[in-house]
Amino acid sequence: MDKHTPFLIAAADPVAADTSGTWIKLMPAGTFSARDGRGPFVSGDQSSMDAIIQRTKDYLGATDLMVDYDHQVLTTGEAGGSARAAGWIKDFSVRDDGIYGQVAWTDAATASIGSREYRYLSPLFLTDPKGRVIRLANMALVNTPALDLEAIAARAQFTFTKGSDMDPILEALGLAEGATEADALSAIKALQSGQCQIALAAGLDRQADAQTIATAIETAKETSAPDPAKFVPIEQVTALQADLRSLTDQVHGDKAELNVTDAIEAGKLAPSLKDWGLALATKDIGQFETFIAKAPSLTAAQLGDTPKSQGDGELTDSDLQVMSQMGLSRDDMIAAKTEDAA
C-alpha cells in the first residue's frame, strides 16, 4: 500500500503480561496483510527488520516511540483529538516471528488494560509503493480497528503517495537504497552548503536560490569573454604577420628582378653585375635606382664578356666595372666598399 499505513495486529490482551516493562509484538515477520484486505506488506527477513528498526531509531533520535489511544496523536487539534500517551516503546528487538518493542505503560493505560477498556495494539508504519515497510511511526491501543484505523489513515498528516517513493529521492541524492532519513538529511545539508559556497563565490547572498546563482554566473561569463569583433586570437595574428612578410619579400624580389633586367636591357648595367644588382635592389631599391640613373650607357664591348681581372687584390672585376660606370677613382671605390662592409 502506497501511503502512511495503519495495521492491526490481533495480539493477545496486553494486560496478560507484566505492564511495567514488557516486550510486545509490534509487527509480524515476512509478508502480511490487514484484515480489511489492505496489503500485502513486507517486513522481510531478520536483516530487513533490523533495517526497519534502525530507520525508526534514526527518526526518533533521543525520543521514545509513543503509544497513544486510537492513534489520536495524528488528529491533535481536531475535535476529540488528544496527544495523551498510553505508553512508550523504550527498545526494539528482532525475533523469528517479527519485531518486538519493550513498552512502559502509563498508570492510566495500565488501568485501562486491566479493566479491558482497551484490548488490542495497532502499529502505524510507513511503506513504499511496493508495500515494503520503511519504519514504524506510532503504536496505539485500539478496540475497533477495522473502522477507526481506516478513518485515522484518511487523516494521516505524513503520507507517502504513489510517486513519492523514497528510492528516487535517495537515488537523486546519490545514496544507496535503504539509506536512512538521517543519511538523506545529511546529503541535503551538504548540497545546501555547496550551493551557499557557490553563491558567495558569485558575490551573492548565501541564501540566493539556484536560478539567481545561475544568472549571476552567466552574466559574469558574458562580461569577461572577449568580443570576437574586437579581438583576434594571437595565433591568427602571428600567422597573418608571417604571411605578410612572405608576401612583402616576394613583391620586393619581383620588383628587384624587374628593375635589374630593365637596367641590363637599357645598357645601364653589365650582365656580369646582375647578381650584385639584385642584391642591392632587394636591399634598397632607392639606392639601386639612384645608381642606375647616374650610370652611363655601356658600349657593346662593355656589355660583352667580363674582362679579365685587373684587380690589385683590393678591388674585384665587378668593383672595377662599377667604378668605371660611376666614374669613381680607385680610392673612392675602396672607401665606398669599406663603408658598405662596415
Side-chain angles (χ1 to χ4, degrees), residues 1-9 11 23-34 38-68 71 73-74 76 83 85-104 121-140 142 149 152-153 155-192:
M1 190 168 187
D2 56 354
K3 62 182 179 180
H4 195 174
T5 307
F7 172 71
L8 169 69
I9 298 176
W23 286 88
I24 58 175
K25 189 174 182 179
L26 307 180
M27 179 178 295
T31 301
F32 55 94
S33 298
R38 287 173 296 164
F41 307 113
V42 181
S43 59
D45 57 14
Q46 181 167 348
S47 176
S48 298
M49 290 188 288
D50 282 335
I52 292 171
I53 289 176
Q54 187 57 54
R55 287 192 290 268
T56 300
K57 287 182 176 180
D58 289 339
Y59 176 76
L60 292 173
T63 64
D64 297 327
L65 182 67
M66 181 185 185
V67 184
D68 68 352
H71 296 293
V73 70
L74 299 178
T76 301
W88 300 94
I89 306 295
K90 298 287 187 178
D91 198 5
F92 301 90
S93 174
V94 173
R95 302 181 186 178
D96 292 341
D97 61 339
I99 297 175
Y100 282 72
Q102 188 178 36
V103 61
L121 289 171
S122 168
L124 189 67
F125 52 87
L126 305 181
T127 66
D128 65 15
K130 296 180 180 179
R132 294 173 298 191
V133 178
I134 298 173
R135 67 171 174 84
L136 288 164
N138 172 252
M139 293 294 296
V142 297
L149 287 176
I152 291 170
R155 296 174 183 172
Q157 295 177 356
F158 303 99
T159 61
F160 272 71
T161 58
K162 190 170 183 179
S164 63
D165 181 15
M166 281 292 292
D167 288 346
I169 298 175
L170 296 178
E171 182 178 356
L173 292 172
L175 302 176
E177 181 178 352
T180 65
E181 292 181 29
D183 294 332
L185 288 174
S186 178
I188 292 172
K189 288 179 180 178
L191 290 174
Q192 290 175 333

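In plain terms, the two heavy atoms of S33 and F41 that are nearest each other are CA-CD1, 4.5 Å. For the residue pair D96 and A29, the shortest heavy atom distance occurs at O-CB, 3.7 Å. H71 and M139 get closest at one heavy-atom pair: CE1-C, 4.3 Å.
Using a distance-only test at 3.5 Å, with no hydrogens or angles considered, a donor-acceptor pair links the side chain of R55 to the main chain of I134. A donor-acceptor pair is defined here as one N or O able to donate and one able to accept, closer than 3.5 Å; such a pair exists between the side chain of K25 and the backbone of D97. Listed for the S93 side chain is no donor-acceptor partner under 3.5 Å among the backbone atoms of Y100. Of the possible polar contacts, none joining the S122 side chain to the V142 backbone as a donor-acceptor pair under 3.5 Å is found.
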I'd like a table of donor-acceptor pairs (distance under 3.5 Å, sequence neighbours excluded) in which one partner is a side-chain atom from residues 47-54, with atom names and distances.
| unit_1 | atom_1 | unit_2 | atom_2 | d |
| --- | --- | --- | --- | --- |
| S48 | OG | D45 | OD1 | 3.1 |
| Q54 | NE2 | D58 | OD1 | 3.0 |

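Residues K57 and D91 form a side-chain contact, since some pair of their non-hydrogen atoms from C-beta on lies under 4.5 Å apart. Residues L124 and L136 have side chains not in contact (no heavy-atom distance under 4.5 Å, counting atoms from C-beta outward). Proximity of L126 to V133: side-chain heavy atoms (C-beta onward) are nowhere separated by under 4.5 Å.
Scored by the side-chain contact (heavy atoms from CB on, under 4.5 Å) test, L60 finds T56, T63, L65, F92 as partners (sequence neighbours excluded).
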Walk me through it: do I89 and D64 pass the test side-chain contact (heavy atoms from CB on, under 4.5 Å)?
-> CA-CA 6 Å; I89 306 295; D64 297 327; 5.8 Å; no
Step-by-step side-chain contact (heavy atoms from CB on, under 4.5 Å) determination, F125 to M27 | CA-CA 9 Å; F125 52 87; M27 179 178 295; 3.6 Å; yes
